[in-house]
There are 2 protein chains.
Amino acid sequence: MSGSPHPARATSADVARLAGVSRATVSFVLNDTEPGRVSDATRAKVRAAAEQLGYVGHAAARALRAGRSNLVLMPATQAAIGRLVSDWLDDLQQALHEHGYTLVLHGGRGADPVEVARVWAEMRPAAVLAPGPGLSPAAVELLHTAGVRAVIATGGEPVPGAHTVIFRQDELGRLAAAHLIERGRRRLAVLMPRERGLDVFAEERLAGVRAAAQGRDVEVTPVPLGYDWDEALALARSWPGLDGVFGYNDEYALLLIRALQEVGRAVPGEVSVAGADDLLLARIAQPALTSVRIELGAATELAALVHRMIEEPAEPGVVDTIRMHLIIRDST
Amino acid sequence: MSGSPHPARATSADVARLAGVSRATVSFVLNDTEPGRVSDATRAKVRAAAEQLGYVGHAAARALRAGRSNLVLMPATQAAIGRLVSDWLDDLQQALHEHGYTLVLHGGRGADPVEVARVWAEMRPAAVLAPGPGLSPAAVELLHTAGVRAVIATGGEPVPGAHTVIFRQDELGRLAAAHLIERGRRRLAVLMPRERGLDVFAEERLAGVRAAAQGRDVEVTPVPLGYDWDEALALARSWPGLDGVFGYNDEYALLLIRALQEVGRAVPGEVSVAGADDLLLARIAQPALTSVRIELGAATELAALVHRMIEEPAEPGVVDTIRMHLIIRDST
DNA sequence: TTGAAAGCGCTAACAT
DNA sequence: ATGTTAGCGCTTTCAA
C-alpha cells in the first residue's frame, strides 16, 4: 500500500467547516457547555459532522488551553501488589472517570525520585497519588511548581506540602509482632524482600516490629529474602533458630512457610509466621496464615477528595487513615 | 495562608528572559538538538536559568507542536495478572524510556471497547499495546484515524489493521487439556472466572480445551467460579463428578484444589487440576500444581519494535509468537 | 443564536 | 551564533 493508509485526523476546524459553523460553535456543542446557547438544528448538524469525520478531541490541545490536564497519576508499583489493590484501582479509575479524570498508572520504579517526579510534572497532571517514601520534599516542591493541584501521599507520617492519607506501614509490623510476642515468641525475624521498590516499605514494617519488641526482652532480626524457591529453601535449611516471623506480606510469608515445611520445621510448632494483605491465598493456605488485613476504604471517597482538592486547593493536611487489623489463623 | 503558595510555573519564555536569549535558543539547549549551534557560554547561562526557575517542560505543548505524544498506552488489566507480568512491565517501561517514550497503564475494564479506545485516542499516544479481544476493528480504525502510529495487539489471531503478537489463549487450554486426556481424564471442567474483564480470555481458553477434546470421546463443561472461598467451597460440595480441570489460571486452580481437599475429594486421585501462568505459588502448592508456563520474551525487543513502528510505519502483520509449554507436577 | 480572534507553551524553518 | 515567528488544536471572551 502506498500513501497514508488513514485519513488525516480531523480537527474541530474540519468539523466546523463541514457543518458550516464556527469552531466556537463546535466546541460548545461537543462539550455541552452553556446549554441553550446553540439551537437544536445546529447541534444536530455539528454532531453529524463530527460523527462523519470520526472526530476525536485532542487532549494535549485541551490541556494546553486549560492550563492543566485531566490526568491523575499514580505509580504503577501499587498495581503490582495483588488482587485486593488492583480491584480497588478499578473502582478508583471508575470513580475518577465520573469526575472527568483519567487515571494513569506510571512506572518508574527504582529511579531517582526527583527524576521520576520530573517526568510526572511534564505531564502536568491534575493530581498525583503516591506513596510518601517516594515523595521527597524536593519532589513535592517540583510537582507543585509545575502546577499540579493535588499531591496526595500515602505513608506513615504527613508529607510536607502534600495531603496525606495515613497508611502506617510500621503498624503492620507492630500488630503482627505484638501478636507473635503474646504467643510467647521471643526471637523474631522480619523478612526483607530483595525485590526492587519494596525496600522502603520493608524498612518501615521492620521499625514497627522493633517498636513492639521494645523493652520486652525480644530480639528482632531482619532476614533478606528474594521471591524465589531456591533461596527460600536455602534460608530454611540454615534457619537461624528464630521462633517468630513477620513475612513482610502474605506472599513472602507463604513462601517461607513452605520452605520451612520442606525441611521439616513445623509451623506454627517450631516457628510462627504472620503475613500481611490478607489475600485469599492466606485463608486457604495450610496452615491458614495469620495476616494483617488492610481496609483500603471507598475508592469513591478518594476520588471525591481528589476532585475537591483540584477544584479548590486548600492547606495540605492529614486526610484519612487506612485502618488495619489482625486476622488470627493457624500459622501462629 | 493566602495567595498562591507556589510561584507560577516557569515557561521556556521565562527561562529565555532570565538567560537573556531567545526562546529558540532555550529549546535548542534543553533538547540538545543540533549540537554546536549554541556556544558553551550561552548553554551554561540557559541551564542555570532553567535550574533557578525550576523549569519543567510541558508535555502537552510539546505534543501539540510535534503532532504526537511520547505516550505508549497499555490497558492496566494486564498489570493485575501477577508478579511475572508486573516484573516484565517494569522492564518494558525501562526499555521504552530509553527510547524516549513514557509507558502509561490505563484502566477502563468492562466499558465499551470503542468508548475506551476513544479516551485513548484523545491522548494521541504514539503507540497502543492491547489484548486483541478488546480491539474491535472499529476501535483499531478509531485509533489510526486519531493518528496513533503503532497499534500492537496480543491475541490468538491477527487483528486487522494492527501488528499482532500472537498469544494463543486457546493454546493454554489445549496444552492443559491434552495432558489431562493423556492422563486418562474424560470429563473435563474449565473454570470460567466471574471477574470482569477475564471472560474474553476464558472463552478462548475454553475453546482450546474443546479443540483438544474433539473426536476423542471427551466431555467438556464450562464451570463458572468467582474468586471467593465460599463459592469455591459450594462448588466443591456439589462437584458434578468431573475428573479433570483446567483452572483458567493458577490462582483459580489453587482455589478449587483447596476447596476440593476441604470436602474430601483427592487431587489428583479423584480430580486432576492444571493451571496456567506457572506462578511460584503453583510450584509450592500441595500438591504442586501442573501449569502452563508463558514465555513473555524480552521486553527490550518489544520496545525496539514499538520504536521502529512509530518511526517508520509499515504494513501491519504478525510480529512474533509468545511461546508456552506445560510444566507437569503432582496435581495431575 | 452565532462568529472572530486571542493565546495556552513549544519547536523549527527561516532570517539575521 | 542567535533571533523572529508561525502555528500545532482547542476554549472562551467579546462583539455582532
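Order of the sequence lines sets the chain letters (A, B, ...), proteins ahead of strands, with each chain counted from 1.
Considering A:Val26, A:Thr25, A:Val21 in turn, A:Val26 is the only one that fulfils the side-chain contact (heavy atoms from CB on, under 4.5 Å) rule with A:Val15. Under the side-chain contact (heavy atoms from CB on, under 4.5 Å) test applied with A:Val165, the options A:Thr321, A:Ile152, A:Leu296, A:Leu129 reduce to a single match, A:Ile152.
If you check every strand for non-hydrogen atoms under 4.0 Å, A:Thr25 touches sugar and phosphate atoms only. B:Gly147 comes within 4.0 angstrom of no nucleic acid atom, judged by non-hydrogen atoms across all strands.
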When you compare the protein's N or O atoms with those of nucleotides 6-9 of chain C, which come within less than 3.5 Å of each other, and at what distance?
residue : atom : partner : partner atom : Å
C:dG7   : N2   : A:Arg65 : NH1          : 3.3
C:dC8   : O2   : A:Arg65 : N            : 3.4
C:dG9   : N2   : B:Ala61 : O            : 3.4

Hey, what are the protein-to-nucleotides 13-16 of chain D N/O distances that come in under 3.5 Å?
none

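The shortest distance between side-chain heavy atoms of B:Leu89 and B:Leu105 falls below 4.5 Å. Side chains of A:Ile166 and A:Pro158 form a contact here, defined as non-hydrogen atoms less than 4.5 Å apart.
Every residue two or more places apart in sequence or in another chain was checked for a salt bridge (charged side-chain N to carboxylate O under 4.0 Å, His left out) with B:Glu204, and none qualifies.
Near-neighbour residues of DNA chain D inside residues 39-52 of chain A, defined by a heavy atom below 4.0 Å, are absent.
Here C:dA12 presents its P atom at 13 Å from CG of B:Leu30, a figure rounded to the nearest Å.
Heavy-atom contacts from other residues, nucleotides or ligands closer than 6.0 Å to CD of B:Glu157 number 12 or fewer. The number of heavy-atom neighbours closer than 6.0 Å to NE2 of B:His97, taken from other residues, nucleotides and ligands shown, is 12 or below.
Every pair passing side-chain hydrogen bond (donor to acceptor under 3.5 Å, both in side chains) that includes a residue from residues 118-140 of chain A is listed here, sequence neighbours excluded: A:His106-A:Trp120. Annotation: side-chain hydrogen bond (donor to acceptor under 3.5 Å, both in side chains) contacts involving residues 44-59 of chain B, sequence neighbours excluded, are absent.
Between the side chain of B:Asp91 and the backbone N or O of B:Trp88 there is no donor-acceptor pair closer than 3.5 Å.
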